[in-house]
Amino acid sequence: MYWSELFIPTLRDDPAEAEAVSHKLLVRAGYIRQLAAGHYSMLPLGQRVRSKVARIIEEEMDRIGGQRFHLPALHPAEIWKRSGRWDVMGDEMFRLVDRKGADNALGMTHEEVFALLATELFSYKDLPQIWYQIQTKFRDEPRPKSGLLRVREFTMKDSYSLDVDETGLGEAFDRHHGAYLRIFSRLGLHVVDVEASSGAMGGSGSIEFMVRSGAGEDWIVTCDGCDYRSNLEKATSKLATVEDADTVPEPSRFGTPDLHTIKALAEAFPDIAAPDRQIKTLVYLIDDEVTLVLLRGDHDLLEQKLIDATGGIKVRPAQPEEIVAALGAHPGSLGAVGVTGLRIVADHALSGRRGMTTGANTDDWHLRDVDVERDVAVDTWASLRTVRAGESCPNCDGQLDLWKGIEVGHIFKLGTRYSEAMNALVQDESGASLPIVMGSYGIGVERGMAAIVEASHDERGIVWPVAVAPYEVVVTVLRPDDEAASTAARDVYSGLTDAGVEVILDDRAERPGVKFADAELVGFPYRVTVGPKGVANGVAEVTRRAGLETVEVALSDVVDHIVTAVERGRGG
RNA sequence: CGGGAUGUGGCGCAGCUUGGUAGCGCACCUGGUUUGGGACCAGGGGGUCGCCGGUUCAAAUCCGGCCAUCCCGACCA
């Protein structure tokens, strides 16, 4: 292709609205344009990268036996009602009413539709199956941001494994795990696979694939001593033990006027109310049920852990009035001692603790000498607290590190929730009907693109890996009006084209500086520079985008030189 | 949804305090000179000043409402 004929609208300035590097560069280099918050048009260069990413995903899915489908994006409400997710998904699902007055939704994921198709599987002999598609998803994100990193409309490769039992699911899960590692490696992404929360998907286990980046929105915990790694939402750590007295008397009240925070109480009563000696009592409404959430005074709740521990769908902190109605006191004087009739969820760090201090459920009064197991009717023990950097690894003596990552993929063991809802059953050897055991696996295509840019750029622009670059090579003619240079450049161009290299000829009537700057901004992996002086000497220059080192190559060898380099790069 | 900010040719911005003629840089068009790191000269085209309403002889500018976008917190590929 000739650059002079293409639509590559590069900009000299960063768009004012962009913050994330990938957002700035993809807009500036002419890959994308925003239509609305969270909706981006893919320009020709963007579309080329997008389809290359999708192609790599497709190849690796096919390699593990995946069969590609294409499902509707618009779904009748009925299937979502059957799975129960019509209500669960809340405002995140785009909903619309058609001319008949029927409710519809734009698909945010496709478990329901695939499970429905799986009702045409009848025998265990039909399993296993891996089904997938690469398709547009719609999610009414409360806050789209950072260009392609978080949007409301995006392309997802979503696959679904169908197995007769948990063992089969485990195998399909592992195969996807391997395929995902290969995909991200081919995309040039260094991913870390971490334990993760399953969130609204449900199921028994999930792994996320994270790319380390300051633009990421997830916190990842890794150990410096072993291979422990986890999303913060799932992470645990070993805590230093706190020495408590062997026995403590019955709890007793003491006045604490105007002491409404952990810190204030600790300062006023340092010997009995150090933060790690207090019980923090939070009040939550979990599916409209008032629930007390107990943590050690110096710990912070991680809400997703509470959701995972309770299976709640609608989870929110209680309003002050609701708290007073439930406990008879205001925040700052709350506690769980003697409370009956309310669900109590407590963090493991409180287990076995004695001599604790907590609110007395009377304003301005606290209780001391609390023995958690003796005095509090805990219904559920769970890991609820937020792990902090520097704490000890749960599996070894190492220290935990905390960093931000971009979630580029997520795989879930779903189980039978959707197959049961859709009545997707198969008969086993004995003739008994069993629900198909499902897994679900997702990769965000455009987010993957953005993650590559986040991870691979310099001050001049994008540095694409060969495997996903919109074109592999740009041939830059320094003087298109010089016949010798122009002819030599066209020869290189057609030689590369004939050799199957994706090449673009920068034949624009621009000065060299403009062409170099654009080539580097756009990020072609290789540049062949052809100018009158070089041509007179029978040479061109080859510049690798990563590192920008330049070598002089005889014109007669340029095609071979590039073909070798590009072929090495294509494998990822 | 809570908090903060912004909306002026395609992009980046000034003008608004103190109402009256909409301006600069880049990009674009024409001609010329230039040509190995975002050239120069001359001429030129393009703007409902986010939208609606109000105040006023007169509104980009003042007032009210709405909308949109971005950033920070609660959600996710």
Side-chain angles (χ1 to χ4, degrees), chain A residues 9-20 23-24 27-28 30 33-39 53 57 89-93 108-110 134-159 180 196-201 206 208-211 216-218 231 233 301-304 307 314-317 406-412 440-451 460-461 476-482 485 509-521 527 529-534 540-541 543 548 550:
Chain A
T10 60
L11 301 173
R12 193 177 293 229
D13 301 308
D14 280 335
E17 291 169 342
E19 192 80 11
H23 187 191
K24 287 181 185 170
V27 173
R28 265 190 68 201
R33 286 294 184 265
Q34 184 182 59
L35 177 64
H39 299 267
V53 171
I57 295 171
M89 290 308 189
D91 291 337
E92 205 173 318
M93 188 150 69
M108 39 197 298
T109 174
H110 282 72
I134 297 174
Q135 196 242 20
T136 306
K137 301 285 187 266
F138 296 88
R139 297 186 183 176
D140 194 352
E141 287 283 340
R143 185 152 101 82
K145 58 175 291 200
S146 304
L148 295 184
L149 283 174
R150 168 121 132 221
V151 295
R152 304 205 303 172
E153 175 179 350
F154 63 99
T155 312
M156 181 160 95
K157 186 287 297 176
D158 49 321
S159 51
Y180 274 40
S197 162
S198 299
M201 301 293 293
S206 82
E208 286 173 332
F209 296 81
M210 310 297 309
V211 175
E217 303 185 79
D218 285 83
N231 191 303
E233 293 176 351
L301 173 67
L302 206 160
E303 223 169 75
Q304 186 65 45
I307 292 168
K314 282 190 307 189
V315 176
R316 66 168 175 87
I406 300 168
E407 180 189 352
V408 290
H410 199 162
I411 60 180
F412 299 86
S440 134
Y441 314 86
I443 294 177
V445 175
E446 293 88 356
R447 182 182 281 184
M449 281 173 64
R460 297 179 192 229
T476 302
V477 202
L478 294 186
R479 292 287 303 270
D481 57 331
D482 180 280
E510 291 287 352
R511 293 166 64 85
V514 173
K515 296 187 172 190
F516 294 155
D518 273 346
E520 284 151 8
L521 176 63
R527 184 179 87 219
T529 310
V530 180
K533 283 183 225 154
E541 285 163 14
T543 305
L548 290 173
T550 296

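So you know, we letter chains A, B, ... as the sequences are listed, proteins then strands, and number each from 1.
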Can you tell me the pairing partner of C16(B) across any strand shown, Watson-Crick or G-U wobble, with both distances under 3.5 angstrom? none
Partner of G47(B) by Watson-Crick or G-U wobble geometry, both contacts under 3.5 Å, or none? none
Whole-Å P distance, C67(B) and C52(B): 15 Å
side-chain N/O Arg143(A) vs C72(B) OP1/OP2, d < 4.0 Å: yes
Would you indicate what Val408(A) reaches in the nucleic acid, counting non-hydrogen atoms under 4.0 angstrom: base, sugar-phosphate, or nothing? sugar-phosphate
For G31(B), what is the paired nucleotide under Watson-Crick or G-U wobble rules, both distances under 3.5 Å? C41(B)
Pairwise P distance for A68(B) and A27(B), with rounding to whole Å: 34 Å
I'd like the P distance from C62(B) over to U18(B), given in whole Å. 9 Å
State which of A39(B), C70(B), C76(B) makes the closest approach to the side chain of Glu92(A). C76(B)
Checking A39(B), A74(B), C76(B) against the side chain of Glu303(A) (C-beta onward), the nearest is A74(B)
Any side-chain heavy atom of Phe138(A) within less than 4.5 Å of one from Thr136(A)? yes
Check whether any side-chain heavy atom of Leu548(A) lies under 4.5 Å from a side-chain heavy atom of Arg460(A), and answer yes or no. yes
Write down the partner of U55(B) under the Watson-Crick or G-U wobble criteria, each distance required to be under 3.5 Å. none
Of the nucleotides G36(B), A77(B), C71(B), which has the atom closest to the Leu478(A) side chain? G36(B)
Looking at C72(B), I'd like to know if its phosphate oxygens (OP1 or OP2) sit under 4.0 Å from a side-chain N or O belonging to Lys145(A). yes
Classify Thr10(A) by what it touches in the nucleic acid, base, sugar-phosphate, or nothing, heavy-atom distance under 4.0 Å. nothing
Lys/Arg N to Asp/Glu carboxylate O, Arg527(A) vs Glu520(A), below 4.0 Å: yes
Between the base of G38(B) and the ring of Phe516(A) - centre-to-centre under 5.5 Å, planes within under 30° - is that a stack? no
Options G37(B), C71(B), A39(B), nucleotide nearest the side-chain atoms of Glu19(A): C71(B)
Are Lys137(A) and His110(A) close enough that a side-chain donor and a side-chain acceptor fall under 3.5 Å? yes
According to the Watson-Crick and G-U wobble definitions, with both distances under 3.5 Å, which nucleotide is paired to A60(B)? none
For atom C1', what is the distance between A22(B) and G47(B), given to the nearest Å? 9 Å
Between C26(B) and C40(B), how many Å separate the two C1' atoms, rounded to a whole number? 15 Å
With hydrogens left out and only the distance checked, is there a donor-acceptor pair under 3.5 Å joining Glu541(A)'s side chain and the base of G36(B)? yes
Residue Pro142(A), side-chain atoms from C-beta onward, closest of A39(B), A74(B), C70(B): A74(B)
Flag side-chain contact, heavy atom, 4.5 Å: Ser146(A) against Glu217(A): no
Looking at every strand, decide which applies to Asp158(A) at a 4.0 Å heavy-atom threshold: base, sugar-phosphate, or nothing. nothing
Looking across every strand, which nucleic acid part, if any, lies under 4.0 Å from Glu520(A) by heavy atom: base, sugar-phosphate, or nothing? base
Under-3.5 Å donor-acceptor pair between Arg12(A) side chain and G10(B) base: no
Given the C1' atoms of G73(B) and C11(B), what is the spacing between them in whole Å? 31 Å
Answer with base, sugar-phosphate or nothing: what part of the nucleic acid does Arg33(A) contact at a heavy-atom distance below 4.0 Å? nothing
For Asp518(A), report the nucleic acid contact type (base, sugar-phosphate, nothing); a contact means any heavy atom under 4.0 Å. base
With both distances kept under 3.5 Å, what pairs with G10(B), Watson-Crick or G-U wobble? C26(B)
Euclidean distance for C1', C28(B) against C16(B) (whole angstrom): 29 Å
When you measure from the side chain of Asp13(A), which nucleotide among A74(B), A77(B), G25(B) comes out closest? G25(B)
For atom C1', what is the distance between U21(B) and A59(B), given to the nearest Å? 14 Å
Taking a pair as Watson-Crick or G-U wobble with both distances under 3.5 Å, which nucleotide is matched to C70(B)? G4(B)
Of the nucleotides U69(B), C75(B), G38(B), which has the atom closest to the Gln34(A) side chain? U69(B)
As a test of reading the structure: which of C28(B), G38(B), A74(B) is closest to the side chain of Arg28(A), going by heavy atoms? G38(B)
